[in-house]
J.: 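Here it is, the structure in full.
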Amino acid sequence: ATTEIYTLSLHDALPISDINESMLQVGRDKLLDNGVMENMEFVQADAQYLPFPDDSFDCITIAFGLRNVTDKALAMRSMLRVLKPAGRLLVLEFSKPQNELLNKAYDAYSFNIIPAIGKLVTNDSESYQYLAESIRMHPDQETLKDMMADAGFMQCEYHNMTGGVVALHRGVKA
């Protein structure tokens with residue numbers, strides 16, 4: 001899971017960060033393989049303690065990574081700190097399906113099919129079991145929206161995708 005932090009200025013480097021150095025290397029390699037390496041800076045960083053000055057960025061995105069952060073509230077306050085006024089936080093994360101039938105089917109798929117595929121393809125069912133468990137432990141849409149507001153974000157909202165299996169949350173710094 002990668003926390004991507006970027007500024008909308010075309011003149012500044014685009015910081016891409018992750019707490020895990022090997023994940024940064026994988027991302028760097030993929031971008032290099034695709035010919036996309038201009039104006040990028042790779043920074044090993046903990047989302048809870050971002051190593052950037054206050055009011056630095058217009059937008060911060062985190063995709064499929066917030067659920068792995070130990071103290072989500074601390075991370076959101078850190079992100080708020082480094083955003084410029086009117087800057088936006090976008091969080092793309094697995095969430096809770098809104099339809100109970102879909103929720104049950106998704107649970108069965110997540111806890112039975114995904115680990116079996118992981119064992120078959122990578123001989124690693126444990127990592128895929130962790131994935132399913134981390135998804136279930138992550139706050140639902142309304143709870144995450146409230147956490148963002150508690151951290152100081154304004155205009156907090158979310159948009160469900162795939163029936164709520166995934167949700168995109170947005171908050172704005174005042």
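In what follows, residues are counted from 1 in the order of the sequence shown. Heavy atoms only: backbone and side chains are in, while hydrogens, waters and symmetry mates are out. Please read all numbers here as calculations on a predicted model, not as lab measurements.
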J.: Going by the rule side-chain hydrogen bond (donor to acceptor under 3.5 Å, both in side chains), which residues pair with D146 if we only count those two or more places apart in sequence or in a different chain?
T.: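 Applying side-chain hydrogen bond (donor to acceptor under 3.5 Å, both in side chains) to D146 gives none.
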J.: Apply salt bridge (Lys or Arg N to Asp or Glu O under 4.0 Å) to E126 and list each qualifying residue two or more places apart in sequence or on a separate chain.
T.: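 Result, salt bridge (Lys or Arg N to Asp or Glu O under 4.0 Å) vs E126: none returned.
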J.: Once salt bridge (Lys or Arg N to Asp or Glu O under 4.0 Å) is applied, do any residues pair with R81, and if so which ones, sequence neighbours excluded?
T.: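 R81: salt bridge (Lys or Arg N to Asp or Glu O under 4.0 Å) contacts with D54.
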J.: How would you list, by chain and number, every residue that makes a side-chain contact (heavy atoms from CB on, under 4.5 Å) with M40, sequence neighbours excluded?
T.: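 Testing M40 for side-chain contact (heavy atoms from CB on, under 4.5 Å), a comparison that skips the adjacent residues, returns L14, I16, L31, V36, F42.
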J.: Under the rule for side-chain hydrogen bond (donor to acceptor under 3.5 Å, both in side chains), what residues qualify as partners of D29, not counting sequence neighbours?
T.: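 With neighbours one apart ignored, the set is Q25.
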J.: Excluding sequence neighbours, so at least two apart, what forms side-chain contact (heavy atoms from CB on, under 4.5 Å) with I117?
T.: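 Applying side-chain contact (heavy atoms from CB on, under 4.5 Å) to I117 gives I113, V121.
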J.: If the condition is side-chain hydrogen bond (donor to acceptor under 3.5 Å, both in side chains), which residues does Y158 pass it with, not counting sequence neighbours?
T.: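 For Y158 the side-chain hydrogen bond (donor to acceptor under 3.5 Å, both in side chains) partners, ignoring immediate neighbours, are E142.
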J.: Report yes or no: do D18 and Q44 form a side-chain donor-acceptor pair below 3.5 Å?
T.: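 D18 vs Q44: no donor-acceptor pair found between side chains.
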J.: Can you pull out every salt bridge (charged side-chain N to carboxylate O under 4.0 Å, His left out) where at least one residue sits in residues 165-174? Sequence neighbours excluded, please.
T.: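 Pairs touching residues 165-174 that pass the test: D55-K173, E157-R170.
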J.: Can you name the residues that form a salt bridge (Lys or Arg N to Asp or Glu O under 4.0 Å) with D107, not counting sequence neighbours?
T.: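 D107 satisfies salt bridge (Lys or Arg N to Asp or Glu O under 4.0 Å) with R136 once adjacent residues are dropped.
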J.: A132: which residues meet the side-chain contact (heavy atoms from CB on, under 4.5 Å) condition with it, sequence neighbours left out?
T.: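 For A132, the residues satisfying side-chain contact (heavy atoms from CB on, under 4.5 Å) (neighbours in sequence not counted) are S110, F111.
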J.: Can you sort out the partners of Y128 under ring-ring contact (aromatic ring centres under 6.0 Å, His included), two or more places apart, ordered by chain and number?
T.: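 For Y128 there are no ring-ring contact (aromatic ring centres under 6.0 Å, His included) partners, ignoring immediate neighbours.
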J.: Identify, with sequence neighbours excluded, every residue that meets side-chain contact (heavy atoms from CB on, under 4.5 Å) alongside S127.
T.: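 Here the qualifying residues are D124.
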